[in-house]
Amino acid sequence: MAGGAPRAPLTVRVHDSARGCAARGVPVFLAMRTDPCETWDPVEEGVTNAEGAAAMLYHVTLPQSATYRLEIDCATYFAASGQDACCQRIETTFRLAGPDKQRQVSVHLSPAGYSLHLGC
């Protein structure tokens, strides 16, 4: 990106729809595999910031193509924010077709459920 900071290959954004604000302090875990017969290899973990965002994969050498599994730990967030929730963990898988590709995972979270959008 000319003139600006480089973008993370993966950005996770979490919004607390029940409280109407960014979800700060949500733990996120990322694993990958390059072959469907392989086990998942842990890649990175992080926590969402004050804007509800976690930029991932900055310091990882990416393969040409891989499948990723993202886990979002809702239970920790809801416990810390004093909300009683049935939604405990969100898991999604997606593909990155190369090191120059970028993805954004946006989650609207509430104690009763969530909606997830995977953007390219």
Side-chain angles (χ1 to χ4, degrees):
M1 178 184 298
R7 290 178 52 196
L10 175 65
T11 304
V12 180
R13 295 193 176 274
V14 184
H15 182 82
D16 185 331
S17 296
R19 294 173 54 197
C21 61
R24 179 183 192 154
V26 180
V28 293
F29 308 92
L30 188 66
M32 71 167 240
R33 65 182 179 193
T34 55
D35 184 318
C37 297
E38 293 178 1
T39 59
W40 292 101
D41 295 319
V43 175
E44 191 171 358
E45 59 184 72
V47 177
T48 57
N49 62 20
E51 289 79 37
M56 305 186 86
L57 299 177
Y58 269 126
H59 307 292
V60 178
T61 301
L62 300 177
Q64 285 302 311
S65 182
T67 301
Y68 292 85
R69 180 179 69 199
L70 177 67
E71 297 177 22
I72 302 169
D73 181 358
C74 307
T76 298
Y77 170 74
F78 285 129
S81 63
Q83 298 180 72
D84 184 27
C86 63
C87 184
Q88 299 293 297
R89 181 180 280 294
I90 299 169
E91 183 178 306
T92 187
T93 58
F94 57 91
R95 222 168 151 64
L96 279 177
D100 60 337
K101 301 298 179 186
Q102 295 163 329
R103 294 279 184 266
Q104 179 168 310
V105 177
S106 298
V107 178
H108 288 266
L109 186 60
S110 78
Y114 66 92
S115 66
L116 183 143
H117 174 78
L118 177 60
C120 301

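All values below come from the heavy atoms of this structure, side chains included, with hydrogens, waters and symmetry mates left out.
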**Report entry** Donor-acceptor side-chain pairing of R95 and T67 below 3.5 angstrom
**Finding:** yes
Query raised in the report: For the atom pair CG (L30) and CG (D41), what is the distance rounded to the nearest 0.5 Å?
Result: 11.0 Å
Report task. Sort and list the pairs that fulfil salt bridge (charged side-chain N to carboxylate O under 4.0 Å, His left out) and have at least one residue in residues 70-92, not counting sequence neighbours. Result -> R69-E71, E71-R89
Requested in this report: Would you name the heavy atoms of V28 and A54 that are closest together and state the gap between them?
Outcome: CG2-CB, 4.0 Å
Query raised in the report: Is it the case that one hydrophobic cluster holds both F29 and V26, taking links as side-chain heavy atoms less than 4.5 Å apart, direct or via other members?
Result: no
**Report entry** Test log, rule side-chain contact (heavy atoms from CB on, under 4.5 Å), inputs Y68 and V105
**Finding:** CA-CA 12 Å; Y68 292 85; V105 177; over 6 Å; no
Query raised in the report: Less than 4.5 Å apart, any side-chain heavy atom of F94 and any of L10?
Result: yes
Requested in this report: Can you see which heavy atom on A22 is nearest to which on A50, and at what distance?
Outcome: CB-O, 3.5 Å
Query raised in the report: To the nearest 0.5 Å, how far apart are CZ in R13 and CG in N49?
Result: 7.5 Å
Report summary line: Nearest heavy-atom contact between H108 and S17 is CB-OG, 3.4 Å
Requested in this report: Please say whether more than 12 non-hydrogen atoms of neighbouring residues, nucleotides or ligands are located less than 6.0 Å from CD in Q88.
Outcome: yes
Query raised in the report: Between Q83 and A18, which heavy-atom pair has the shortest distance, and what is it?
Result: OE1-CB, 4.0 Å
**Report entry** T92 vs L118, side-chain contact (heavy atoms from CB on, under 4.5 Å): CA-CA, chis, key distance, verdict
**Finding:** CA-CA 9 Å; T92 187; L118 177 60; 5.7 Å; no
Query raised in the report: Hey, are the side chains of T48 and Y77 touching, using non-hydrogen atoms and a 4.5 Å cut-off?
Result: no
Report summary line: For A85 and F78 the tightest heavy-atom approach is CB-CD1, 3.2 Å
Query raised in the report: Passes side-chain contact (heavy atoms from CB on, under 4.5 Å), I90 versus L109? Steps please.
Result: CA-CA 10 Å; I90 299 169; L109 186 60; 4.0 Å; yes
**Report entry** Shortest non-hydrogen separation from R19 to S81 and the atoms involved
**Finding:** NH1-CB, 3.0 Å
